[in-house]
Amino acid sequence: QVQLAESGGGLVQAGDSLRLSCVAAGQTFSNYIMAWFRQVPGKERDFVAAVNRNGAGPIYADSVKGRFTISRDNAKNTVYLQMNSLKLEDTAVYYCAARSGRVLSPRRSEYEYWGQGTQVTVSS
């Protein structure tokens, strides 16, 4: 079992930056691929970004490419999502997720563990 806890969400203005954190506990953090997803009420949970076990070769959704950066610190059991140039449409609950294996994936169904989410609201 892996327990995930997100933090760092909040209310910001369009154009601002925000950094989300997700701390993992329970298993060896470096054994897991980590990802961020987001969800708006009434819609599916969408992929945002994922990073490999050693922090290499991240992948991003097209909607956030060039604005968001995913990174991890295995010594701190933490994965981050740096969000810059935030837009109104980035408003969502952001979830941290973990999966075992070696291949990065944007598929929600392939992630075994999820956090409770943190709200990000971008205002004009």
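Across all non-hydrogen atoms, the minimal contact from Gly55 to Pro58 is O-CD, 4.3 Å. The heavy-atom pair separating Leu104 from Gly57 by the smallest distance is CD1-O, 2.8 Å. Listed here is the closest heavy atom pair of Ser17 and Asn84: OG-OD1, 2.9 Å. For the residue pair Ala92 and Gln119, the shortest heavy atom distance occurs at O-NE2, 3.4 Å.
Of the inter-residue distances, the one linking Asn77 atom CG with Cys22 atom SG reads 10.0 Å to the nearest 0.5 angstrom. A distance of 9.5 Å separates CG in Asn31 from CG in Asn74, rounded to the nearest 0.5 Å. Here the OG atom belonging to Ser21 is positioned 13.5 Å from the CZ atom belonging to Arg72, to the nearest 0.5 angstrom.
Among residue pairs with one or both ends in residues 64-101, none qualify as ring-ring contact (aromatic ring centres under 6.0 Å, His included); sequence neighbours excluded. Screening residues 55-68 for salt bridge (Lys or Arg N to Asp or Glu O under 4.0 Å) gives Asp62-Lys65, Arg67-Asp90 as the qualifying pairs, with residues at least two apart or on separate chains. Listed by first and then second residue, the side chain to side chain donor-acceptor pair (under 3.5 Å) pairs that reach into residues 48-61 come to none, sequence neighbours excluded. Legend: salt bridge (Lys or Arg N to Asp or Glu O under 4.0 Å) pairs involving residues 95-105, not counting sequence neighbours, sorted by first then second residue: Arg99-Glu110. Applying the salt bridge (Lys or Arg N to Asp or Glu O under 4.0 Å) definition to pairs two or more places apart or across chains, none involves residues 11-29.
Each of Ile33 and Trp36 belongs to its own hydrophobic cluster when Ile, Leu, Val, Met, Phe, Trp and Tyr are linked at side-chain heavy-atom distances under 4.5 angstrom. Val23 is not connected to Met34 by any chain of hydrophobic side-chain contacts under 4.5 Å among Ile, Leu, Val, Met, Phe, Trp and Tyr, and they are in different clusters. In the hydrophobic clustering of ILVMFWY residues, with side-chain heavy atoms under 4.5 Å counting as a link, Tyr113 and Leu20 come out together. Both Phe47 and Val93 are assigned to one and the same hydrophobic cluster, defined by single-linkage of ILVMFWY side chains at heavy-atom distances under 4.5 Å. Cluster annotation: Leu4 and Phe29 are assigned to the same hydrophobic cluster (Ile/Leu/Val/Met/Phe/Trp/Tyr, side-chain heavy-atom contacts under 4.5 Å, transitive).
Shown here are the ring-ring contact (aromatic ring centres under 6.0 Å, His included) partners of Tyr111, two or more places apart in sequence or in another chain: Phe37.
Remark: Glu89 CD is packed, more than 12 non-hydrogen atoms of other residues, nucleotides or ligands lying under 6.0 Å away.
In the model, Ser100 has a side-chain atom that pairs as donor or acceptor with a side-chain atom of Glu112 under 3.5 Å.
With contacts defined as side-chain heavy-atom distances shorter than 4.5 Å, the pair Val64/Arg38 qualifies.
At least one donor-acceptor pair under 3.5 Å links the side chain of Glu6 to the backbone N or O of Gln116. Side-chain atoms of Arg108 come within 3.5 Å of backbone atoms of Arg45 as a donor-acceptor pair (strictly under, hydrogens ignored).
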Query raised in the report: What's the verdict on side chain to side chain contact (heavy atoms under 4.5 Å, CB included) for Val40 and Thr91, showing C-alpha distance, side-chain angles and the deciding distance?
Result: CA-CA 7 Å; Val40 174; Thr91 295; over 6 Å; no
